[in-house]
Amino acid sequence: MTLWLFKSEPDEYSLQDLAAEASGFGRWDGIRNYQARNFLRDRVAIGDGVLFYHSACKIPAVVGTAEVVRAAYADPAQFDPESKYFDPKASADKPRWYCVDLAWRSEFARPVPLADIKKNPQLTEMVLVKQGRLSIQPVRQEEWDSIVKLGGK
DNA sequence: GCCAACGTTGGC
DNA sequence: GCCAACGTTGGC
């Protein structure tokens, strides 16, 4: 099993939106960055744990956890001309973009802000700190444990 | 097959 | 809204 950190803009899709899904899971779609896609397509698997991170907001922070309940499949939005995620270069034969399904697992008692993560000597090796602008990234077990502990869950 | 240009991301 | 880092693209 692999552990991950997924970033989402809360205005677009928040942890609370995931928790409120009537079906019990949400589609993690709209990934249009190649590095993130490669992780999603090749490495993300059912049962993997996900730290849910809110980005591009006032206080960027890890806010809870989720679990992968369906591995990569072609993101339907790329085929829909009405969607803002439409990609004219993608075809059903050769999909360019992928998505997975996630289920909500927990909401932290205290969100763990990026600023705190950067200051924490145990967490300076996180991809989140070392490489910005990557919306899907692997997380080490000890990093996961530290952050979940800081979150109070 | 090199490499400059491009699109996406996201903290500041 | 700036701009830096990344993978991909495409002209040559």
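Below, all heavy atoms of this structure are taken into account, side chains as well, without hydrogens, waters or symmetry copies. Here is how names work: the chains are called A, B, and so on, in the same order as the sequence lines, proteins then strands, and each is numbered from 1.
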**Message:** Which residues pass the side chain to side chain contact (heavy atoms under 4.5 Å, CB included) test with R96(A), not counting sequence neighbours?
**Reply:**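 So R96(A) forms a side chain to side chain contact (heavy atoms under 4.5 Å, CB included) with Y34(A), R37(A), Q78(A), D87(A), K89(A), A90(A).
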**Item:** Ionic contact status for D75(A) with R32(A), cut-off 4.0 Å
**Value:**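 Yes, this pair counts.
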**Request:** Please determine if E12(A) and K84(A) form a salt bridge, counting it only when a charged side-chain N lies under 4.0 Å from a carboxylate O.
**Result:**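 Salt bridge present between E12(A) and K84(A).
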Mind checking if [X] touches a base, just sugar-phosphate, or nothing, with heavy atoms under 4.0 Å?
X	value
K58(A)	nothing
K118(A)	sugar-phosphate
F39(A)	nothing

**Request:** Return the 5'-most residue of the pair R133(A), R37(A) with respect to DNA chain C, ranking by each residue's nearest nucleotide.
**Result:**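 The residue closer to the strand's 5' end, by nearest nucleotide, is R133(A).
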**Message:** By nearest heavy atom, map Y34(A) and A56(A) onto DNA chain B; which one lands nearer the 5' end?
**Reply:**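 Comparing both residues, the 5'-ward one is Y34(A).
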**Request:** Determine, using ring centers only, whether F52(A) and W28(A) are less than 6.0 Å apart.
**Result:**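 That pair passes the under 6.0 Å test.
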**Asked** Is there a chain of hydrophobic side chains (I, L, V, M, F, W, Y, each step under 4.5 Å between heavy atoms) that links V69(A) to W104(A)?
**Response**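 No, because V69(A) and W104(A) fall into different hydrophobic clusters, even though each may have its own neighbours under 4.5 Å.
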**Prompt:** Between which nucleotides of DNA chain B, read 5' to 3', does contact with chain A run, using atoms under 4.0 Å from its heavy atoms?
**Reply:**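 First-to-last contact on DNA chain B, by the 4.0 Å heavy-atom rule, is dT8(B) to dC12(B).
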**Closest approach of R27(A) to P76(A) (non-hydrogen atoms, all atoms of both residues)** =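 In terms of heavy atoms, the two residues are closest at NH1-CG, 3.5 Å.
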